[in-house]
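These notes concern the structure reproduced below.
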Amino acid sequence: MESLLQRGELSQARQLFDGMPHRNTISTNTLISGFVKSGNLSDARQMFDRMTDRNMVSWTILIGGYAQSKRTHEAFELFSAMRSAGAKPDRVTYVSLLLGYVDEESLNLLFEEMPERDCVTFDALITGHAKDGSCENSMRLFLEMQNFGLKPSEFMFAAVLSASTGLGVLGLGQQIHGLVIKSHLGWNVFVSNALLDFYSKCDCLTEAKRLFDGMPELDCVSYNVIITAMPNLEMGRQIHAQAILTSTESDILVGNSLIDMYAKCGSMETAEMIFRNRMDRNSVSWTAMISGHVQSGSHEEAIKLFSEMHRANVRSTLLDMYAKCGCIKEAMQTFDEMPDRNLVSWNAMIATYSQNGRANAAIRLFEDMLECGMQANSVTFLNVLSACNHGGLVAEGFRYFDSMTKLFKINPKREHYACMDPLKPRTGAVSCRSAVQAGAQDAAPYVIMSNIYAAAGRWEDVGKVKKAMKDPGVKKEPASSWVEIKEKIYSFSANDDFYLQWDEIRGMIDMLSDQMEKEGYTPDTSCTLHNVEEETKAELLRYHSKRLAIAFALIHTAPESPIRIMKNLRVCTNCHAAIKIISKIVGREITVRDSSRFHHFKDGFCSCGDYCPHTTSEGLVSAKKTLFGSISHDVC
């Protein structure tokens, strides 16, 4: 039963429990603990209420479950019921209760009631505040504890380092590092790992590597933290060699981190070798490999690996992969059929809705998740904020960001702020100009600034930006689209005419153009940011890579079958409008996965609701106003 619970197979564990000829308090507590760890508090409470012979462990497991899930009212109610039943709480019970977030008054009452205040009780209180994001309270209690003359434990140091990370104060963490050394705990691998995590999250990679190299003892967590923190191929290879020498590579966490590191560094052959040599591959292993292939542009390999994973019957990942492939119906079916849903499942489904332009569905699912008693984490809020971003839900985005920080006490990271930027009209354009002025190596800010200048008719400035992009350090991908037909990937680039079936493709585009004109379509020439005649602009728009890929797919696939296109850049406004009309003309569902999200076109509509702030001509005009003031005489 414990083996089944560890694998997350709760239904099978419950069936086994129900079939036991002899059940006792220990077996019941084990199953209750499994339900609690999975977040299924309703079934845990149901089993607890049926128990006739409860012991202190029974009470403590459920109290801890309520406390960890922020259901503090129920935790205190159960604590009071335990006292009324004559059961005497021990230190573990108090610690379990303290680990949850409760209001200051209740905490003080509980703290006063405790028979003794020692390092364990302070540990619990400081850790509880740190986990809840109340970093200031955590640090205040740490100082108060020292006034009592108590020495910090390794667990307490880990908690206050977490609080320092939350506060974003590097100097504070460095002072705690000094205190660790004075306390002679620098040798302790648990404390060293906490320091390693602190420096890596503060982007102090040099300090993190120096600490790692000087640690007298390294464990799997040490390697996992340092590998995850450093997407540097040369340094990663050095750490990999160390992991082999110490036999730490055999640990699944370290192995997965190595696969992820090599994949992110573009060394897919090495990632594949590690992946294939592991007999204990889990959902994380599959996800890292498939994501690596997608990021490196090896879409055919990603699809093959996805099919292999499907045959291997890996399901949580299955939901995530359906989301990445834009198969929203299949993802919904997989989610609905799950007998037990954990936080990963909920997060994956919310992300699916977000990436596929179903912002309101993502928010509804998030609210359903909270009603089920599941506790949201930073990944949950990242998915929700991303949904608000993609759906243009400005008020909702700010409301959820506010609740994340104030109600759920989760400290926002750079990813959360990045989701909020597009909801603030001024931010994007100003950020791009700053990035260009700073000589950024990513091509995106250069492209956006070039488009803004072009929309304003400032062709001289367009030339300057394009000249700056010729710097060897700036990486600019040419616009490309891919379509898979009969398990083969076909690639297309804008205005290329070297394809074997170019005459057929052009004929299909011409036929579609005639029908599109009858439907009222007119090309948006503001999307062709070249200083040429209007007729030339319109002609260039006809042969964008997405239009070529769609025409090829229409020629080579059965009528009424769906078409899926992959795109390495964002969809421009003109192509977005054109594909909507094409989907109506041909009566097919056309899915386009661009660099930002999925667009599902059907019957003349798109799942995004036409909200594409970074690609619309209106967005460019808005950005132009931000940078240059109101529309002036230099706009044609």
Side-chain angles (χ1 to χ4, degrees), residues 3 6-7 153-155 157-158 161-162 165 173-174 176-178 180-293 295-296 298 301 305 308-309 312 314 317:
S3 176
Q6 285 172 3
R7 295 201 300 268
S153 67
E154 60 265 35
F155 304 107
F157 274 124
L161 282 167
S162 173
T165 306
Q174 290 172 325
I176 293 168
H177 189 174
V180 166
I181 295 170
K182 286 181 182 178
S183 302
H184 304 290
L185 283 172
W187 57 268
N188 185 290
V189 68
F190 183 79
V191 178
S192 295
N193 286 341
L195 283 165
L196 200 60
D197 185 62
F198 164 74
Y199 282 121
S200 66
K201 285 178 178 173
C202 289
D203 291 329
C204 299
L205 300 186
T206 305
E207 289 83 351
K209 183 63 168 61
R210 188 186 301 125
L211 176 66
F212 179 84
D213 291 337
M215 286 171 64
E217 181 188 354
L218 297 167
D219 63 6
C220 299
V221 176
S222 318
Y223 281 98
N224 188 43
V225 171
I226 197 70
I227 292 167
T228 305
M230 302 186 142
N232 180 298
L233 187 57
E234 184 181 349
M235 199 171 288
R237 282 174 175 157
Q238 293 175 20
I239 296 166
H240 186 186
Q242 283 182 257
I244 293 171
L245 289 172
T246 57
S247 301
T248 321
E249 185 196 26
S250 60
D251 181 82
I252 184 63
L253 285 175
V254 176
N256 287 340
S257 295
L258 286 167
I259 292 169
D260 186 59
M261 182 273 294
Y262 280 116
K264 285 178 178 174
C265 291
S267 185
M268 290 304 299
E269 288 184 10
T270 309
E272 180 86 19
M273 180 191 70
I274 298 170
F275 177 79
R276 294 296 174 190
N277 287 338
R278 297 204 70 91
M279 301 303 294
D280 57 349
R281 295 191 291 262
N282 60 14
S283 60
V284 178
S285 320
W286 288 95
T287 301
M289 278 302 300
I290 294 171
S291 298
H293 280 306
Q295 288 164 10
S296 63
S298 306
E301 290 300 317
L305 199 59
E308 183 184 342
M309 181 203 69
V314 180
T317 304

Q) Which pairs count as ring pair (Phe, Tyr, Trp, His ring centres under 6.0 Å) when at least one residue sits in residues 220-250, sequence neighbours excluded? A) Phe212-Tyr223, His240-Tyr262
Q) Can you name the nearest heavy-atom pair linking Leu211 to Leu196, along with the distance? A) CD2-N, 3.5 Å
(Q) Treating Arg281 as the side-chain partner and Trp286 as the backbone partner, does any N or O pair qualify as donor plus acceptor under 3.5 Å? (A) no
(Q) With a 3.5 Å distance limit and no angle check, can you tell me whether Asn277 reaches the backbone of Met273 through a side-chain donor-acceptor pair? (A) yes
Q) Do Ser291 side-chain atoms and Ala288 backbone N/O form a donor-acceptor pair below 3.5 Å? A) no
Q.
I'd like to know if the side chain of Ser285 pairs up with that of Asn282 as donor and acceptor (distance under 3.5 Å, no hydrogens or angles considered).
A. yes
**Q.** Thr228 side chain near Ser200 side chain, heavy-atom distance below 4.5 Å
**A.** no
Q: Can you sort out the partners of Asp203 under side-chain contact (heavy atoms from CB on, under 4.5 Å), two or more places apart, ordered by chain and number?
A: Arg414
(Q) Rounded to the nearest 0.5 Å, what separates atom OG1 in Thr246 from atom CG in Asp219? (A) 10.0 Å
Q: Measure the shortest side-chain to side-chain distance between Leu218 and Gln242 over non-hydrogen atoms and say whether it is less than 4.5 angstrom.
A: yes
Q) Is any side-chain heavy atom of Ile252 closer than 4.5 Å to a side-chain heavy atom of Arg278? A) yes
Q: Considering non-hydrogen atoms only, spot the tightest contact between Leu233 and Cys265 and give its length.
A: N-SG, 3.7 Å
(Q) Here's a test for you: under side-chain contact (heavy atoms from CB on, under 4.5 Å), which of Ile176, Val225, Thr165 qualifies with Phe198? (A) Thr165
Q: For Ser257 and Leu253, indicate whether the former's side chain and the latter's backbone hold a donor-acceptor pair under 3.5 Å.
A: yes
Q: Please tell me if the side chains of Asp197 and Leu161 come closer than 4.5 Å, counting only heavy atoms from C-beta onward.
A: no
Q. SG/Cys220 to CG/Asn193 distance, rounded to the nearest 0.5 angstrom?
A. 10.0 Å
Q | Nearest-0.5 Å distance that lies between atom CG in Leu258 and atom CG in Asn224 | A | 9.0 Å
Q) Roughly how far, to the nearest 0.5 Å, is CD of Glu272 from CD of Glu301? A) 7.5 Å
**Q.** Residue from Glu154, Glu217, Met215 passing side-chain contact (heavy atoms from CB on, under 4.5 Å) with Asn188
**A.** Glu154
Q) Closest heavy-atom contact between Val189 and Ser222? A) CG2-OG, 3.9 Å
Q) Between Thr206 and Arg210, is any pair of side-chain heavy atoms under 4.5 Å apart? A) yes
Q: Could you tell me which residues satisfy ring-ring contact (aromatic ring centres under 6.0 Å, His included) with His177, sequence neighbours excluded, listed by chain and number?
A: Tyr199
Q.
A side-chain contact here means heavy atoms from C-beta on lying under 4.5 Å apart; do Met235 and Met261 qualify?
A. no
Q) What are the two closest non-hydrogen atoms of Ile290 and Leu305, and how far apart are they? A) CG1-CD2, 3.7 Å
(Q) I'd like to know if the side chain of Ser192 reaches the main chain of Gly186, judged simply by a donor and an acceptor atom lying under 3.5 Å from each other, with no hydrogens or angles considered. (A) yes
Q.
One pair to check against salt bridge (Lys or Arg N to Asp or Glu O under 4.0 Å): Glu234 and Lys209. What are the steps and the verdict?
A. CA-CA 13 Å; Glu234 184 181 349; Lys209 183 63 168 61; over 6 Å; no
